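For reference, the structure discussed in these notes is given below.
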There are 2 protein chains.
Amino acid sequence: MIRNLSKLERQKGIKEYISKDPFLSDKKLAELFNFSVQTIRLDRLEMGIPEMRKRIVQVAKNTPSTDKVKSLKKEEIIGELIDIELGKNGIAILKTTKDMAFNKTGIVRSHYIFSLADSLAISIIDTEVALTGIARLSYKNPVYAGQTLVAKARVARNRGNKYLVSVHVKTDQREVFTGKLVIFSVNDKIKKEKT
Amino acid sequence: MIRNLSKLERQKGIKEYISKDPFLSDKKLAELFNFSVQTIRLDRLEMGIPEMRKRIVQVAKNTPSTDKVKSLKKEEIIGELIDIELGKNGIAILKTTKDMAFNKTGIVRSHYIFSLADSLAISIIDTEVALTGIARLSYKNPVYAGQTLVAKARVARNRGNKYLVSVHVKTDQREVFTGKLVIFSVNDKIKKEKT
DNA sequence: CACCTATTATTAGCTACTACTAATTGTAAG
DNA sequence: CTTACAATTAGTAGTAGCTAATAATAGGTG
């Protein structure tokens with residue numbers, strides 16, 4: 001029961017709930033938000049969210065269980081965001097595991113470190129959508145599975161929609177990675193450039 | 001007796017069809033086997049096969065999409081290695097999905113593209129262990145979820161244990177990423193530097 | 001013939017909807 | 001205060017894809 005929400009807030013909430021649990025029927029959502037089933041339906045229609053059964057089918061059809069494609073999993077940010085000042089700087093932590101490393105040496109694969117740096121850099125940009133344009137990376141020292149990485153990012157320059165973000169990753173005082181990323185904040189323009 | 005056999009065969013057939021395509025309703029099965037819907041239902045009940053909607057839910061719940069773990073999944077190489085000449089060049093393909101993209105725009109997150117490029121670059125180096133040292137990345141165009149990326153890597157220079165690998169990633173003739181990676185081949189030395 | 005199995009038909013009821021109309025409530029402006 | 005409009009709720013008819021129960025029919029077999 002989460003009454004006392006504006007229409008917008010409720011719709012946002014419904015979206016979130018459904019994205020987290022696509023198995024929610026209108027009835028259950030109505031109980032959760034303490035609004036009538038009809039209102040929930042209207043919200044769904046306004047937001048273009050399909051009915052529960054169709055959502056379940058979508059999820060089922062997305063099952064990549066028979067896929068051979070090796071891919072990474074989605075994440076909003078890699079690691080844990082522990083401090084952030086939008087537009088200025090941020091800190092994130094990633095505990096590395098054996099899964100992230102080469103079996104042979106136990107050295108963490110470089111793209112995990114980049115992912116930490118890149119997602120942190122993007123998340124400190126105070127904008128709806130940010131995309132990486134150019135990056136210069138330097139891996140200073142190997143990281144071993146089990147070590148905890150601390151990434152610090154800082155906006156070094158900002159001209160228009162172009163941000164230069166520098167990221168330093170350390171583990172136990174020791175610098176393991178530095179990077180300079182040029183990030184672009186984006187409106188809806190890019191969508192039309194598609195083709 | 002002939003009837004009995006045909007019944008058994010039909011039930012076997014239904015089982016097979018459903019296991020291959022759980023999205024088949026009783027009606028569709030009835031049309032496929034040219035029996036009435038009631039007969040199909042009886043068969044399902046006799047075999048203990050649940051109704052279509054419950055089958056779909058089962059499939060959907062088996063998907064690992066509800067993971068909250070904030071880390072990337074381990075992979076030996078990101079994408080599918082489709083051609084390789086050790087020490088010279090290689091090609092890898094990655095089919096992008098919604099999971100790899102920002103929800104808002106459907107644009108694939110930059111670190112997935114880097115991961116494809118980086119793991120390909122490392123795998124073409126003809127050595128036991130290879131580590132990324134320095135990298136210069138340039139994201140030329142946004143990649144949209146669903147597009148298939150083709151990465152081509154080439155060893156541009158090789159001095160001692162230092163390899164300069166250039167990687168180009170395209171989707172439909174269109175260049176979306178280029179990178180120059182300096183990769184170091186490693187023996188066992190680094191392991192002892194560990195601290 | 002009665003008995004049995006397989007199949008098909010019919011009906012009632014269920015969930016989770018779509019699509020629609022209509023009534024009610026809230027709220028802000030004149 | 002009233003009027004206007006948006007938001008919400010209620011209700012109806014119809015749908016797919018079922019469950020469950022009951023009945024009818026055709027075709028053997030002892």
Side-chain angles (χ1 to χ4, degrees), chain A residues 1-66 128 188, chain B residues 1-67 98-99 103-104 106:
Chain A
M1 310 277 185
I2 325 164
R3 199 84 203 220
N4 267 352
L5 288 176
S6 75
K7 191 183 173 184
L8 255 161
E9 285 177 285
R10 186 188 62 233
Q11 293 196 343
K12 215 177 148 187
I14 290 170
K15 215 170 191 170
E16 254 181 65
Y17 265 73
I18 287 179
S19 74
K20 277 179 194 159
D21 181 3
F23 301 94
L24 289 165
S25 65
D26 288 354
K27 197 184 166 192
K28 278 184 192 164
L29 285 163
E31 282 159 15
L32 270 165
F33 287 87
N34 206 27
F35 275 87
S36 74
V37 174
Q38 288 76 5
T39 305
I40 302 295
R41 287 220 232 285
L42 279 171
D43 287 340
R44 256 200 313 106
L45 289 175
E46 279 177 24
M47 293 186 287
I49 296 172
E51 61 172 282
M52 180 200 66
R53 289 174 301 206
K54 285 179 186 167
R55 294 195 303 266
I56 294 175
V57 169
Q58 277 184 1
V59 174
K61 292 211 166 167
N62 277 356
T63 312
S65 55
T66 33
E128 289 280 41
D188 294 19
Chain B
M1 279 303 170
I2 294 155
R3 262 215 130 88
N4 221 332
L5 277 174
S6 77
K7 187 187 173 182
L8 266 165
E9 281 179 65
R10 184 187 64 232
Q11 293 197 344
K12 211 177 150 190
I14 289 170
K15 214 170 192 171
E16 253 180 64
Y17 264 75
I18 287 179
S19 74
K20 278 178 192 161
D21 181 3
F23 300 93
L24 288 165
S25 65
D26 288 354
K27 198 183 167 192
K28 278 183 191 165
L29 285 163
E31 282 160 16
L32 271 166
F33 286 86
N34 206 29
F35 275 87
S36 74
V37 173
Q38 287 76 7
T39 304
I40 301 296
R41 287 221 233 282
L42 279 170
D43 287 340
R44 256 201 313 107
L45 289 175
E46 280 177 23
M47 294 185 288
I49 296 172
E51 62 172 283
M52 179 199 66
R53 288 174 302 209
K54 286 181 184 164
R55 295 195 302 266
I56 294 176
V57 169
Q58 277 183 1
V59 175
K61 291 214 165 165
N62 279 350
T63 65
S65 58
T66 28
D67 265 17
K98 271 179 272 176
D99 283 344
N103 289 333
K104 207 150 210 160

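Each chain gets a letter, A, B and so on, in the order its sequence line appears, and its residues count up from 1. Below, each value reflects all heavy atoms present in this structure, side chains not excepted, and no hydrogens, waters or symmetry copies. No experiment lies behind these values; they were computed from the predicted model shown.
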Output the rounded distance in Å from NZ (B/Lys27) to P (D/dG17).
7 Å
In this structure, how many angstroms lie between the C1' atom of C/dT15 and the CD1 atom of A/Ile56, rounded?
12 Å
Phosphate oxygens OP1/OP2 of C/dT7: is one of them under 4.0 Å from a side-chain N or O of B/Arg10?
yes
Which heavy atom of B/Ile56 sits nearest a heavy atom of B/Pro22, and at what distance?
CG1-O, 4.3 Å
Angle of first-five versus last-five pair axes in the helix from C/dC1-D/dG30 to C/dG30-D/dC1, to 10 degrees:
30°
Would you kindly give the CZ-to-C1' distance between B/Phe33 and C/dT7, to the nearest whole Å?
16 Å
Residue set satisfying ring-ring contact (aromatic ring centres under 6.0 Å, His included) with B/Tyr17, at least two apart, ordered chain then number -> B/Phe33
According to a strict under-4.0 Å criterion, is A/Lys7 in side-chain N/O contact with OP1 or OP2 of D/dA7?
yes
Among D/dC18, D/dA16, D/dA10, the one nearest any side-chain atom of A/Arg53 is D/dA16
Mind checking whether A/Lys12 and A/Leu8 have side chains closer than 4.5 Å, heavy atoms only?
no
Minimum-distance pair of heavy atoms, taken over all atoms of A/Phe23 and B/Lys61
CZ-CG, 3.5 Å
With B/Ile40 as reference, evaluate B/Leu29, B/Ile49, B/Leu32 under the side-chain contact (heavy atoms from CB on, under 4.5 Å) test and give the passing residue.
B/Leu29
Without decimals, in angstroms, what is the distance between B/Ile14 CD1 and C/dA6 P?
14 Å
Closest approach of A/Ser36 and A/Ala30, non-hydrogen atoms and distance?
C-CB, 4.0 Å
What distance separates B/Ile14 CD1 from B/Glu16 CD, expressed to the nearest 0.5 Å?
11.5 Å
Under 4.0 Å, heavy atom to any atom of DNA chain C: which of residues 37-50 of chain A qualify?
A/Arg41, A/Arg44
Rounded distance in Å - CZ (A/Arg55) to C1' (C/dT15):
14 Å
Just to verify, what does A/Ser19 make a side-chain contact (heavy atoms from CB on, under 4.5 Å) with, not counting sequence neighbours?
none
For nucleotides 21-26 of chain C, just jot down a letter per nucleotide in 5' to 3' order: B, S or -, based on protein non-hydrogen atoms under 4.0 Å.
------
Applying side-chain contact (heavy atoms from CB on, under 4.5 Å), can you list everything that pairs with B/Lys28, at least two apart in sequence or on another chain?
B/Leu24, B/Ser25
Nearest-Å distance for atom pair CZ/P, residues B/Phe35 and C/dA9:
12 Å
Kindly state each residue pair satisfying side-chain hydrogen bond (donor to acceptor under 3.5 Å, both in side chains) with at least one member in residues 41-56 of chain B, sequence neighbours excluded.
B/Lys7-B/Glu46, B/Arg10-B/Asp43, B/Gln11-B/Asp43, B/Gln11-B/Glu46, B/Asp26-B/Arg41, B/Asp26-B/Arg44, B/Glu51-B/Arg53
Specify the separation, in whole Å, of atom CD of A/Glu9 and atom C1' of D/dA7.
15 Å
Measure CG/A/Asp26 against P/C/dA19 and give the value in whole Å, please.
13 Å
